[in-house]
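Reviewing the structure listed below.
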There are 2 protein chains.
Amino acid sequence: MGETPPFLANPETTRESIMRATYLALCEHGYAGLTIQRIAESFGKSKSLLYHHYDDKDELLLAFLQFMLEEHESSVPETADDDPRERLDALVDAMLPPELSAEHRGFTAAMVELRAQAAHDERYSEQFAEHDRAFQDHLVDVIEDGIEAGTFRDVDAERVAEFVGTTVAGAMTRRVTGGDDRAATTARDALESYVEQVLLADDTGADT
Amino acid sequence: MGETPPFLANPETTRESIMRATYLALCEHGYAGLTIQRIAESFGKSKSLLYHHYDDKDELLLAFLQFMLEEHESSVPETADDDPRERLDALVDAMLPPELSAEHRGFTAAMVELRAQAAHDERYSEQFAEHDRAFQDHLVDVIEDGIEAGTFRDVDAERVAEFVGTTVAGAMTRRVTGGDDRAATTARDALESYVEQVLLADDTGADT
DNA sequence: CCATACTGATCGAACGTTCAGTCAGATAGA
DNA sequence: TCTATCTGACTGAACGTTCGATCAGTATGG
């Protein structure tokens with residue numbers, strides 16, 4: 001649980017250090033146990049300093065959520081000239097890596113916990129709505145490109161993208177809140193067969 | 001946010017009243033704002049009384065989670081002699097009702113928030129693993145019945161069930177943590193088309 | 001010398017929890 | 001039937017702790 005995602009491995013500014021400390025504290029203690037004191041301990045500085053950089057805990061946590069979503073968004077691959085099906089797989093992999101390292105488990109758990117706050121905090125839900133929208137736009141792009149290229153059938157790209165996004169969200173949640181990690185691998189396999197049978201244009205190779 | 005699901009509308013025992021109060025407090029204040037004081041206020045009795053019935057907050061909340069999952073599980077329809085496809089739809093509807101009433105929104109939000117706790121509390125994740133397993137068993141039953149009846153193709157029922165369950169989980173999460181309710185309706189539509197194109201045996205009527 | 005980074009002491013509020021004690025009703029011995 | 005005993009539901013005041021937040025003041029680099 002001590003590993004750090006690459007995007008905050010080498011913080012350069014003080015604020016980035018605080019974001020990193022917040023992340024570590026969140027992974028270790030969970031959202032319910034996320035206190036200023038514990039963030040300060042991960043930070044290695046006094047908690048007063050946190051108030052020097054942020055007005056209050058609320059602002060810090062909101063900034064942290066925004067930081068996490070932006071960094072995650074920027075980790076989405078931007079391959080424009082590949083096979084549409086491979087590009088689709090790459091997008092799914094970005095959210096749902098096939099093997100769940102301790103590092104990525106911590107990240108996903110943090111995201112799931114933050115997302116749950118959106119149920120009662122409109123500012124959180126706005127952030128996640130925006131994030132979901134951005135990811136879905138990427139999916140739509142890939143699917144529409146695939147349709148134009150003739151690789152995919154002429155489906156409603158918007159609807160398919162929302163479906164894929166929803167399944168990915170479910171797999172992210174389940175893989176850190178259920179007993180084991182089956183959900184994610186099954187979701188990836190199932191999405192693949194879904195793509196094969198619903199999305200792919202011709203030469204159906206359904207073997208299962 | 002003041003509505004109550006039918007299964008705890010008329011509490012008969014004191015403990016049921018406490019479960020109801022806990023539910024109402026959770027809906028109103030969220031998990032982060034769920035205090036003994038607020039449960040007592042919804043309860044209409046003193047908070048000391050809560051400690052008369054439960055050792056501590058932890059035990060109360062764990063009992064509440066178990067209560068919620070059991071009641072939810074018992075709300076799953078048990079129709080044995082219908083069309084497999086309709087039975088499948090009924091199962092999905094039980095978790096993901098087509099129109100999200102204020103009552104059901106509160107319930108779903110509560111479930112999503114509780115589930116997020118499982119990321120850092122093994123006791124929670126065990127409960128949810130059990131709950132997911134039970135729901136998935138229902139799905140497997142229906143799918144296997146459908147295969148035997150010749151309505152469905154000879155798919156891997158276990159895998160399809162896990163896929164459907166994961167998508168449902170994602171839709172539940174998204175519909176209360178994103179801006180709008182599109183996720184749920186899209187998921188239902190997409191599951192339907194998935195069933196049509198992947199599960200259904202013959203006479204494919206793909207029109208979209 | 002001035003701004004920025006930073007600290008330790010400290011505060012009031014809110015939290016979970018405890019406890020002594022009240023009250024209504026059931027039980028039962030004389 | 002009167003009275004003593006017991007029980008379980010219930011309360012209000014209080015405890016110790018922890019939280020977020022404040023502030024006066026120190027160090028430090030330009």
Side-chain angles (χ1 to χ4, degrees), chain A residues 8 10-68 110 113-114 116-117 120-124, chain B residues 8 10-67 110 113-114 116-117 119-124:
Chain A
L8 37 70
N10 298 106
E12 290 174 359
T13 70
T14 304
R15 290 207 161 212
E16 277 182 17
S17 290
I18 295 178
M19 295 295 97
R20 177 174 179 273
T22 306
Y23 171 78
L24 291 175
L26 178 58
C27 285
E28 189 167 359
H29 307 287
Y31 190 90
L34 188 63
T35 69
I36 292 283
Q37 177 63 44
R38 287 181 169 149
I39 296 173
E41 279 163 15
S42 294
F43 186 27
K45 304 285 175 65
S46 75
K47 61 178 182 172
S48 311
L49 186 54
L50 296 175
Y51 284 98
H52 180 71
H53 290 276
Y54 297 93
D55 282 349
D56 51 24
K57 191 188 181 187
D58 222 50
E59 192 202 311
L60 196 163
L61 259 46
L62 225 53
F64 174 68
L65 172 62
Q66 199 159 358
F67 177 82
M68 289 281 279
E113 289 205 88
L114 288 175
Q117 308 308 315
H120 283 89
D121 192 320
E122 205 170 314
R123 296 166 305 176
Y124 278 55
Chain B
L8 38 69
N10 298 106
E12 290 175 357
T13 70
T14 304
R15 288 208 162 211
E16 278 183 16
S17 291
I18 295 178
M19 295 296 97
R20 178 173 179 274
T22 305
Y23 171 79
L24 292 175
L26 178 58
C27 286
E28 190 167 357
H29 306 287
Y31 190 90
L34 188 62
T35 69
I36 292 283
Q37 177 64 43
R38 289 189 166 140
I39 296 173
E41 279 164 14
S42 293
F43 188 26
K45 304 286 174 65
S46 76
K47 57 181 179 170
S48 311
L49 186 55
L50 297 176
Y51 285 96
H52 183 71
H53 290 277
Y54 298 93
D55 281 350
D56 51 25
K57 190 188 181 188
D58 222 51
E59 193 202 309
L60 195 163
L61 259 47
L62 225 54
F64 174 68
L65 172 61
Q66 198 158 359
F67 177 82
E113 288 206 89
L114 288 175
Q117 307 309 314
H120 284 90
D121 192 321
E122 206 171 313
R123 298 166 304 175
Y124 278 55

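Sequence lines set the chain letters: A, B, ... in the order given, protein chains first and strands last, and positions in each chain run from 1.
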Exercise. Among A:Thr22, A:Leu24, A:Thr14, find the one that has a side chain to side chain contact (heavy atoms under 4.5 Å, CB included) with A:Phe43.
Key: A:Thr14
Quiz item: D:dC19 P sits how many Å from A:Leu34 CG, rounded?
Solution: 11 Å
Quiz item: How would you list, by chain and number, every residue that makes a side chain to side chain donor-acceptor pair (under 3.5 Å) with A:Tyr124, sequence neighbours excluded?
Solution: A:Tyr31
Practice problem: Round to a whole Å and report the spacing from CD1 of A:Ile36 to C1' of D:dT22. | Solution: 13 Å
Practice problem: Could you pull out all residues at least two apart from A:Tyr51 that satisfy side chain to side chain donor-acceptor pair (under 3.5 Å)? | Solution: none
Quiz item: What salt bridge (Lys or Arg N to Asp or Glu O under 4.0 Å) pairs are there with at least one residue in residues 30-46 of chain A, not counting sequence neighbours?
Solution: none
Quiz item: Quick one: A:Leu50 CG to C:dA5 P, roughly how many Å, whole number?
Solution: 13 Å
Between the protein and nucleotides 8-18 of chain D, which nitrogen or oxygen pairs are less than 3.5 angstrom apart?
residue	atom	partner	partner atom	Å
D:dA9	OP2	B:His52	NE2	2.6
D:dC10	OP1	B:Lys45	NZ	3.1
D:dT11	OP2	B:Ser46	N	2.6
D:dT11	OP2	B:Ser46	OG	3.0
D:dG12	N7	B:Ser48	OG	3.4
D:dG12	O6	B:Ser48	OG	2.1

Quiz item: Which whole-number value in Å describes the distance from B:Leu60 CG to C:dT17 C1'?
Solution: 13 Å
Quiz item: Quick one: salt bridge (Lys or Arg N to Asp or Glu O under 4.0 Å) pairs with a partner in residues 54-64 of chain B, sequence neighbours left out?
Solution: B:Asp58-B:Arg123
Show me the protein contacts with nucleotides 28-30 of chain D, counting only N or O atoms at under 3.5 Å.
none

Quiz item: Atom CG of A:Asp56 to atom P of C:dG12: distance rounded to whole Å?
Solution: 20 Å
Practice problem: Mind calculating the distance between CD (A:Glu59) and C1' (D:dA21) to the nearest angstrom? | Solution: 14 Å
Practice problem: Keeping the roles fixed (side chain from B:His120, backbone from A:Glu28), state whether a donor-acceptor pair exists under 3.5 Å. | Solution: no
Exercise. Check side chain to side chain contact (heavy atoms under 4.5 Å, CB included) between B:Glu12 and all other residues, then give those that pass, not counting sequence neighbours.
Key: B:Glu16
Practice problem: Starting at atom OH of A:Tyr51, determine the distance to atom C1' of D:dC23, rounded to an integer number of angstrom. | Solution: 13 Å
Quiz item: Can you name the residues that form a side chain to side chain contact (heavy atoms under 4.5 Å, CB included) with A:Ser48, not counting sequence neighbours?
Solution: A:Ser46
